[in-house]
Each structure stands twice: as structure tokens, then as C-alpha cells.
Student: 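A single structure is presented below for examination.
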Protein chains: 2
Amino acid sequence: MARWIDGCQYNDTMPEDPDDGCHPGPTGGLPPERADSLAATFAALGDPVRLRIYSLILAGGEICSCHLEGPVGKSQPTISHHTSKLAEAGLIVGEKRGRWTWWRAAPGRLPESLAALGLPRATGR
Amino acid sequence: MARWIDGCQYNDTMPEDPDDGCHPGPTGGLPPERADSLAATFAALGDPVRLRIYSLILAGGEICSCHLEGPVGKSQPTISHHTSKLAEAGLIVGEKRGRWTWWRAAPGRLPESLAALGLPRATGR
DNA sequence: CAGTGACATCGATATTGGTCAATGTGAAGC
DNA sequence: GCTTCACATTGACCAATATCGATGTCACTG
């Protein structure tokens with residue numbers, strides 16, 4: 001009925017006690033300051049408008065701010081606001097050429113963040 | 001001085017015009033409703049407290065809510081609020097056993113989201 | 001050098017969201 | 001059945017932020 005593993009009793013009818021000494025409690029996990037910086041990266045992608053902008057940049061390789069307003073359907077100041085946020089998060093980099101600002105994806109930024117999370121494995125394919 | 005590629009002029013001194021016909025404009029990118037759902041997933045990880053909780057769950061495999069308050073340093077309602085958000089985003093799943101709720105990571109949820117983004121390549125090693 | 005176009009910044013507003021005290025709910029234990 | 005415990009829910013408060021009109025800045029154009 002009761003199974004014993006490593007000195008800990010496991011019973012099918014009784015729920016185990018988190019504090020029975022058999023559950024070591026939380027270990028590992030991200031240190032607070034690391035969590036802050038990582039969360040900022042994810043928060044930058046946590047807005048639908050920014051996510052669309054980012055995906056358009058990923059798809060196009062390089063794109064001008066003036067080509068974002070239309071597809072995204074937001075005003076110019078709003079687009080500017082969101083590109084700034086993405087750049088601040090280190091996800092994209094901008095280059096001013098003449099009157100236009102061209103945006104590219106910062107290579108490796110997102111994979112780095114995911115690796116820091118200690119995910120078992122990222123996408124196959 | 002001027003280079004011609006595919007019928008488009010590229011000049012080192014003059015910045016190119018986004019609307020010269022050589023830049024096709026934005027193509028692809030996430031459809032709005034897909035962006036909404038994806039952004040929700042990222043937004044769930046966009047808070048330092050939730051990110052710490054999620055990383056603790058990833059590290060521990062399974063963890064009780066009562067073991068989160070301490071390391072995270074937030075009140076019980078706040079912890080409950082954040083675990084709800086993570087569960088709502090489909091990143092973790094909870095199981096009630098007796099008085100305690102045990103949380104596990106929903107396998108594959110995050111990689112799916114990243115694949116939808118069409119990232120060039122996920123983390124190497 | 002005056003005009004125009006692209007983008008950034010500012011100011012204001014409305015909404016969202018994180019936090020906690022207080023309270024509710026449901027399961028164990030006596 | 002009463003008490004206790006773990007967790008969820010509610011309500012309120014405050015901070016952060018998404019949005020846009022108005023304005024500023026800077027590069028090119030004529």
C-alpha cells in the first residue's frame with residue numbers, strides 16, 4: 001500500500017505533505033536581477049502591436065518605419081514609441097539613413113533569453 | 001559608383017528611398033489575432049515575479065504554491081494572482097491534491113510560441 | 001534659406017496591471 | 001460539526017503604459 005522511496009513515504013490515498021522533508025523546496029530559479037532583465041525582454045514582446053512590428057522585421061529582414069504605420073494601423077507617434085521599446089529591449093537595432101530609419105532584428109537576442117530560462121530544448125525543425 | 005542589382009540602383013552616398021519600388025514593403029508578419037494570443041503568452045513572462053515563479057517550476061519539476069511565497073517574497077494573494085496568470089496563458093498547469101495545489105510546466109507551450117514567431121534558429125547548446 | 005517629409009518628443013488621457021488587506025471556499029483534522 | 005489550513009476571490013489603491021494630437025528636430029529639396 002505505502003511505497004517507500006529514499007526514506008520517503010508515498011501513499012495513493014493520502015496527499016503528500018510539501019513539508020514532510022521529502023520535497024526539498026524550491027531550488028535554483030532565476031536570481032532577481034536576472035529575472036528583471038529577462039522579464040523586460042519578454043514584456044517587450046508582450047504587446048500585440050510590438051509583436052507584429054517585430055514579426056514584420058523578422059520577415060522582411062530590414063524595414064523602414066514609414067512602412068510600419070500602414071500594416072499595423074497605428075499612428076506615427078505610437079509606432080515610434082513601440083520601436084523605441086523594442087530597441088531598448090535589445091531586440092531590434094535602428095540605423096538612420098538620410099530621412100529614414102531602418103530597423104533590423106538584433107541577432108541572437110531572443111535565443112539568449114530563452115537559454116537563460118533553462119528551457120529543456122527549443123524548437124525543432 | 002552606383003551599383004545596379006535586380007534593376008534597382010544602390011548608391012553609397014545617397015540613401016535609398018523606401019518607396020522606389022525596390023523595397024517591396026512589409027510582407028508576412030503575424031496576423032492580428034495570432035499576435036494577440038502570442039503576445040498574451042509573452043506578457044505572462046513579462047513580469048519578474050511570474051518569471052521567477054516559472055523558472056522555479058521549471059527547475060523543480062513540480063512545486064507547491066506554499067513553497068513559492070518565501071523565495072519570491074510576495075504575499076499569498078499576489079502569488080495566487082500570478083500563478084493564475086501563468087496558467088491562463090497555458091504555461092503551467094495546476095493540480096489540487098488535498099489542501100495543496102501543485103504546479104507543473106506545460107510541456108512545449110513556450111517552444112510552440114517561438115516557432116510561431118518564425119525565429120531563424122533557436123538556442124544552440 | 002524657406003519648404004517639405006520622416007521621425008522623435010511632449011503633454012494629456014484612458015486603460016491595464018501589480019499589490020495587499022479582507023474575506024470566501026473547500027479540504028483535513030480533532 | 002467546529003477549527004485550522006491552503007488557496008482563491010474581491011475591492012481598493014497606485015504605478016506603468018498604450019494611445020494620439022501637437023510640436024520639435026533634422027535631413028533633404030528646390
Side-chain angles (χ1 to χ4, degrees), chain A residues 11 13-20 23 25 32 35-36 39-40 42-54 57 62-70 72-89 92-103, chain B residues 11-20 23 25 32 35-36 39-54 57 62-70 72-89 92-103:
Chain A
N11 194 309
T13 59
M14 292 291 175
E16 68 267 44
D17 182 348
D19 294 317
D20 59 4
H23 297 82
D36 284 0
F42 285 118
L45 295 175
D47 181 272
V49 172
R50 279 197 294 271
L51 200 54
R52 296 197 61 198
I53 292 178
Y54 186 60
I57 294 175
E62 188 177 58
I63 198 171
C64 165
S65 284
C66 57
H67 280 166
L68 289 173
E69 273 181 62
V72 171
K74 297 291 173 184
S75 72
Q76 178 268 321
T78 299
I79 298 291
S80 178
H81 167 71
H82 286 304
T83 49
S84 288
K85 286 269 189 177
L86 284 170
E88 191 182 340
I92 65 176
V93 291
E95 183 189 353
K96 299 206 69 168
R97 293 207 289 270
R99 289 197 280 226
W100 299 282
T101 302
W102 296 86
W103 297 101
Chain B
N11 193 311
D12 289 337
T13 59
M14 291 294 176
E16 68 267 44
D17 182 347
D19 293 317
D20 58 4
H23 296 82
D36 284 1
T41 302
F42 285 119
L45 295 175
D47 180 89
V49 172
R50 279 196 293 272
L51 201 54
R52 296 197 61 199
I53 292 178
Y54 186 59
I57 293 176
E62 190 179 57
I63 199 170
C64 167
S65 284
C66 58
H67 280 164
L68 288 173
E69 275 180 60
V72 171
K74 296 291 173 185
S75 71
Q76 177 269 321
T78 298
I79 298 290
S80 177
H81 167 71
H82 287 303
T83 48
S84 288
K85 287 267 190 178
L86 285 170
E88 190 181 343
I92 64 176
V93 289
E95 183 189 354
K96 300 206 68 168
R97 292 208 287 270
R99 289 198 282 227
W100 300 281
T101 301
W102 295 86
W103 297 100

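Just so we're on the same page: letters track the sequence lines, and every chain starts at 1. Heavy-atom basis, side chains included; hydrogens, waters and symmetry copies ignored.
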Student: Within this structure, what is the CD1-to-C1' distance between Ile79(A) and dT9(C), rounded to whole angstrom?
Tutor: 16 Å
Student: To the nearest 0.5 Å, tell me how far Glu62(B) CD sits from His67(B) NE2.
Tutor: 12.0 Å
Student: Given dA6(C), dA18(D), dA8(D), identify the nucleotide with an atom nearest to the side chain of Ser80(B).
Tutor: dA8(D)
Student: Does the Ser84(A) side chain pair with the main chain of Ser80(A), one donor and one acceptor, at a distance under 3.5 Å?
Tutor: yes
Student: Could you tell me how far apart Asp36(B) (CG) and dA18(D) (P) are, to the nearest whole angstrom?
Tutor: 14 Å
Student: Looking at His82(B), does any N or O in its side chain come under 4.0 Å of the phosphate oxygens OP1/OP2 on dT19(C)?
Tutor: yes
Student: Round to the nearest Å and state the distance from Leu68(A) atom CG to dT19(D) atom P.
Tutor: 14 Å
Student: What is the distance from CH2 of Trp100(B) to C1' of dT4(D), rounded to the nearest Å?
Tutor: 12 Å
Student: Go nucleotide by nucleotide along DNA chain D from the 5' end; which of Gln76(A) and Asp47(A) gets its closest nucleotide reached first?
Tutor: Asp47(A)
Student: Between P on dT19(C) and NZ on Lys85(B), what's the gap in Å once rounded to a whole number?
Tutor: 11 Å
Student: Are the side chain of Thr83(A) and the backbone of Ile79(A) linked by a donor-acceptor contact shorter than 3.5 Å?
Tutor: yes
Student: What's the NZ-P distance between Lys74(A) and dT15(C), to the nearest Å?
Tutor: 13 Å
Student: Please determine, for the side chain of Pro77(A), which listed nucleotide (dG29(C), dT9(D), dC20(D)) has the closest atom?
Tutor: dC20(D)
Student: In whole Å, what is the span from the NZ atom of Lys96(A) to the P atom of dA8(C)?
Tutor: 6 Å
Student: At less than 4.0 Å, is any side-chain N or O atom of Thr78(A) found next to OP1 or OP2 of dT19(D)? Yes or no.
Tutor: no
Student: What nucleotide among dT17(D), dT19(C), dG18(C) has an atom nearest to a side-chain atom of Arg50(B)?
Tutor: dG18(C)
Student: Looking only at side-chain atoms of Trp103(A), point me to the closest of dG18(C), dA8(C), dC7(C).
Tutor: dA8(C)
Student: Expressed as a whole number of angstroms, how long is the span from Leu86(B):CG to dG18(C):C1'?
Tutor: 14 Å
Student: Is it the case that over 12 heavy atoms from other parts of the model lie below 6.0 angstrom from the CD atom of Glu88(B)?
Tutor: no
Student: Got a second to check how far Ile57(A)'s CD1 is from Leu68(A)'s CG, nearest 0.5 Å?
Tutor: 6.0 Å
Student: So does Arg99(A) get a side-chain nitrogen or oxygen closer than 4.0 Å to the phosphate oxygens (OP1/OP2) of dT4(C)?
Tutor: no
